[in-house]
Undergrad: 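One structure coming up, written as structure tokens, with questions to follow.
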Amino acid sequence: MVKIQFYALDLESDENLKIYGKTLDNKRVCAIDKNYKPSFYALGKDIEKLKKKISLLEEDESKVTEALIEDVSYYDEKTKALRVYTNNLKAITVLAHRIRQDYPTLDLKETDISAYKRYLIDNNLTPLTLWEVDGDIINHHELNVEICVSGKITQVSDDIIPNPRVLALDIEVYGFDFGGDKGSVEPIIMLSLVGSHNYKKVITWKRFKNPQNYIEFVDSEMALLEKANEEILKYNPDYLLGYFSDGFDFPYIEKRMKKYKIKSKIGYDNKGIKIRNNTGESIAKLKGISHIDVYKFVSGAMSVPLDLDSYSLDIVAKELLGRGKVEVNINKLSESWDKGDIKKFCEYNLMDSILTLEIFQKILPNINELVKLIGSPIQETSRMTYGQLVEHYLMKRCRDFKEIIPKRPPRSIVFERRMHTYQGALVMEPLPGLHENLVFLDFRSLYPTVTIAKNISPSTLRLHPPGYETPEIRDESGRSVVYYFDKNKEGFIPKILRDIIQRRNTLKEITKKEPSPVLNARSYALKTIANSTYGYMGFAGARWYCRECSSSITAWAREYITQTIEDARKEKFKVIYSDTDSVAIVLENKTRQDILKFIEKTNKKLPDLMELELESFYKRGIFVYKKGELKGAKKKYALITEKNEIKIKGFETVRGDWSKIARKTQYDVLKLILEGTPKEKAMKYVLKVIDDLRNNKVNKEDLVIQTQLKMNLDEYSVIGPHVAIAKIMKERGFRIGAGSPVWYIVGEGSGKIRDNVCLPDECKNYSKDYYINNQIIPAVEKIFMVLGYTKEDILKDKKQSSLGDF
DNA sequence: GAGATTGTCGTACC
DNA sequence: ACAGGTACGACAATCTC
């Protein structure tokens with residue numbers, strides 16, 4: 001008998017429930033829980049009667065070991081369930097199938113949850129923390145571990161693995177091969193590895209003079225691949241990182257290894273990386289070692305706080321680390337390789353791994369806290385979407401209330417749900433103009449607090465009184481409906497949201513006194529779950545789908561914001577705009593004290609945790625007209641704070657699919673106006689830009705328009721400029737498909753815009769007309785319009801490609 | 001065949 | 001399929017006279 005402590009990194013359920021991890025002295029461990037009995041539930045009137053029969057059920061290797069009646073809760077309703085324990089992990093599928101056939105009155109639950117997830121939930125175990133296995137050492141010849149123990153498993157600490165061994169990897173490929181349709185035909189010419197524990201290396205197979213000390217020369221691509229495998233094995237990482245490595249590096253490496261028939265031995269199972277392909281997206285997974293695609297996490301669970309136009313390594317590194325990639329012309333890589341002039345490219349290759357590692361280290365607290373909260377292994381948690389995070393959190397919390405986890409909906413139901421939609425937020429038409437002295441108020445976490453205050457949950461929904469009565473809701477057919485939510489017992493969803501908000505408040509209290517990145521990350525993890533729960537209930541693929549709940553939340557939110565606007569107006573406040581949970585007020589003769597009083601008064605009326613907050617005061621703000629109309633444009637305004645910070649919403653300035661020249665010009669105009677500069681000066685500035693455009697004084701890069709393909713090329717029914725350039729890029733060897741970024745300049749020529757798009761390198765002359773009439777003027781005309789120019793002036797002048805008559 | 005209208009598409013706001 | 005709805009505006013496609 002031995003007792004081994006280890007940090008649990010990865011789980012697997014084949015015949016056994018296996019946990020892979022590292023001991024405190026960095027030894028690889030496999031632990032098998034021999035006490036774990038997989039189980040599922042049966043609901044139904046007959047469970048008492050059928051208990052005996054089911055407990056004797058047997059089919060081939062699978063058999064029921066025990067069947068017990070348990071008190072459980074299903075959609076918050078107390079009931080009895082038959083818990084069916086089985087002899088092994090695969091038995092669930094087999095036996096569930098049998099029971100469904102033989103006893104159709106029974107409703108089976110929790111048969112659609114993978115065994116290791118059930119295991120983690122049932123035993124309240126958290127990956128990445130310190131666990132202990134107490135049992136017997138067993139043979140492990142097929143595994144690359146130092147020790148394998150089968151026995152009793154417990155978690156002994158909440159602390160997360162303190163100093164994991166991390167290794168980042170990046171490859172460069174000859175040519176312009178993205179591993180697309182033609183399929184990874186070009187060789188890998190360099191591969192960099194950078195470790196957290198003082199390790200860096202670039203492996204390449206073209207020798208050059210005065211190599212950097214981290215270069216390792218080999219003789220061929222095959223030798224490079226073998227060397228890389230050897231180095232990874234030797235480094236013994238806990239996490240293997242890449243940037244877009246699910247989609248590129250690892251699938252590519254796999255294909256090239258296949259070509260040379262190299263068998264990788266990385267991973268605790270000696271079997272290398274496995275690429276799983278589902279719905280067009282590939283995922284690269286290892287046993288024991290957690291492969292983390294840093295891109296997936298940054299562009300997924302971190303996308304809301306980061307809020308970047310692009311999640312390329314360069315952009316993300318600049319944002320998080322303050323420095324970007326090594327500047328080289330990567331298009332010249334093949335040419336330089338042929339000449340043997342690749343020193344700079346090796347540095348570039350190394351830097352990609354360094355940045356990947358450093359970004360990972362920067363966001364590690366966020367990943368760790370999500371893992372702790374959700375309770376899923378890091379490999380999965382780091383790839384989860386917001387919806388999956390919510391769902392896994394709810395599943396985990398079910399255990400605390402003995403709640404049975406609802407089924408995942410079948411495809412047909414998902415499809416059916418997707419057909420329906422519901423009404424969302426209220427957006428008020430703003431009063432256009434340049435306003436002085438504004439204040440923005442907003443509801444703190446409006447949707448979560450409404451959910452709590454009105455006890456909105458799938459289980460508390462009623463079609464008849466009594467209960468909290470929603471405002472009238474128009475359904476798709478235009479009929480008016482009202483829902484009710486039970487007032488007596490708190491539902492599962494509100495209960496969990498309340499808990500999250502309270503935990504977050506406690507954390508905020510602590511971090512106010514003593515700042516802590518870890519607690520901030522924990523707070524952010526909680527916020528992520530709370531804010532996504534409303535959207536989750538409206539998501540067709542959700543286990544806890546409840547469209548009535550989502551539509552009730554938005555209905556009450558509309559009511560509260562409308563009421564707030566009305567109350568404010570009753571007290572003679574000038575409300576000029578509102579979107580979802582915020583109101584903008586022009587102070588005029590009102591004082592700040594008046595605003596504070598109004599907030600206080602409003603909060604006295606608001607139920608439960610609902611709260612109106614002061615967002616900020618602003619010196620000035622500009623709201624513009626909709627193009628060609630005399631209505632205010634929603635979701636489009638710019639503000640200046642008392643500290644002269646400019647805040648811009650919705651304008652072309654903040655849109656990634658406009659040229660830099662238009663964005664910058666608009667920004668500068670907004671800034672001048674908000675700072676109180678006379679409009680004539682701003683106009684002069686615009687005329688100068690137009691002049692520069694006319695005289696070819698503008699850099700090409702300022703003219704580039706970048707956007708993204710949302711579909712595959714053959715799915716477009718309308719061929720716009722971005723689709724036209726995508727076709728050209730495809731011809732040039734770019735991998736083009738849904739999600740690909742594309743960029744172009746509009747060149748001179750006649751016909752449609754799409755007929756004149758060109759790649760920046762290939763463009764001879766840009767279209768002055770296009771950039772003046774379709775970029776600069778549209779971007780600034782709406783601003784000048786609110787400053788007193790008439791619509792007619794602008795429309796007339798637009799035709800003349802000039803603002804000269806202003 | 002030019003101008004108005006409608007539909008598609010991408011990106012932003014909350 | 002991988003949280004939701006609301007909104008703007010460019011451009012292409014289609015309609016209208």
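What you are looking at is a predicted structure, and each value in this text was computed from that prediction instead of being measured. Throughout, a chain's letter reflects where its sequence line sits, starting with A, and its residues are numbered from 1.
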Undergrad: Identify whether any heavy atom of A/T554 sits under 4.0 Å from a base atom; if not, whether one sits that close to sugar-phosphate; answer base, sugar-phosphate or nothing.
TA: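 Result for A/T554 = nothing.
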Undergrad: Please encode protein proximity along nucleotides 1-12 of chain B as a string of B, S and -, counting only heavy-atom distances under 4.0 Å.
TA: -------SSBBS
Undergrad: Under 3.5 Å, is there a donor-acceptor pair linking the side chains of A/D475 and A/S477?
TA: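 Indeed, the side chains of A/D475 and A/S477 share at least one donor-acceptor pair under 3.5 Å.
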Undergrad: Considering only C/dC11, C/dA10, C/dC2, which nucleotide approaches the side chain of A/P721 most closely?
TA: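 Of the candidates, C/dC11 comes closest.
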Undergrad: Side chain of A/T580, heavy atoms from C-beta onward: which of C/dG4, B/dC14, C/dC8 has the nearest atom to it?
TA: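 It is B/dC14.
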Undergrad: Nearest of C/dA3, C/dA13, C/dA10 to any side-chain atom of A/K627?
TA: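 Within the option list, the nearest is C/dA10.
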Undergrad: If you look at every strand shown and take non-hydrogen atoms under 4.0 Å, does A/E391 touch a base, only sugar-phosphate, or nothing?
TA: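 No contact.
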Undergrad: Using a 4.0 Å heavy-atom cut-off, does A/Y545 contact any base of the nucleic acid, only the sugar-phosphate backbone, or nothing at all?
TA: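 Answer is nothing: A/Y545 stays at 4.0 Å or more from every strand.
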Undergrad: Any side-chain donor-acceptor pair under 3.5 Å between A/R663 and A/Y667?
TA: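 Judged by distance alone, the side chains do not pair up.
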Undergrad: Using a heavy-atom cut-off of under 4.0 Å over every strand shown, decide if A/I719 touches base, sugar-phosphate, or nothing.
TA: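 Sugar-phosphate contact only - A/I719 comes under 4.0 Å of backbone atoms but never of a base.
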Undergrad: Taking A/K396 for the side chain and A/G375 for the main chain, is one N or O donor matched with an acceptor at less than 3.5 Å?
TA: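 Side chain of A/K396 to backbone of A/G375, a donor-acceptor pair under 3.5 Å: no, none is there.
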Undergrad: For the pair A/K635 and A/D579, find out whether any cationic side-chain nitrogen is under 4.0 Å from an anionic carboxylate oxygen.
TA: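 Yes, charged N to carboxylate O under 4.0 Å.
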Undergrad: Return the nearest nucleotide to the side chain of A/T421; candidates are C/dA13, C/dG5, C/dC2.
TA: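 In terms of side-chain proximity for A/T421, the closest of C/dA13, C/dG5, C/dC2 is C/dG5.
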Undergrad: Please work out if A/Y770 contacts a base, only the sugar-phosphate, or nothing of the nucleic acid, heavy-atom cut-off 4.0 Å.
TA: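 Contact class for A/Y770: sugar-phosphate only.
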Undergrad: Nearest to the side chain of A/I753, heavy atoms from C-beta on, is which of C/dC11, C/dC8, C/dG5?
TA: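 The answer is C/dC11, which lies nearest to the side chain.
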Undergrad: Could I get the full list of salt bridge (Lys or Arg N to Asp or Glu O under 4.0 Å) partners for A/R504, not counting sequence neighbours?
TA: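 With sequence neighbours excluded, A/R504 shows a salt bridge (Lys or Arg N to Asp or Glu O under 4.0 Å) to no residue whatsoever.
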Undergrad: Give A/F415 one of three labels, base, sugar-phosphate or nothing, depending on what nucleic acid heavy atoms sit under 4.0 Å from its own.
TA: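 If one applies the 4.0 Å heavy-atom cut-off, A/F415 turns out to touch nothing in the nucleic acid.
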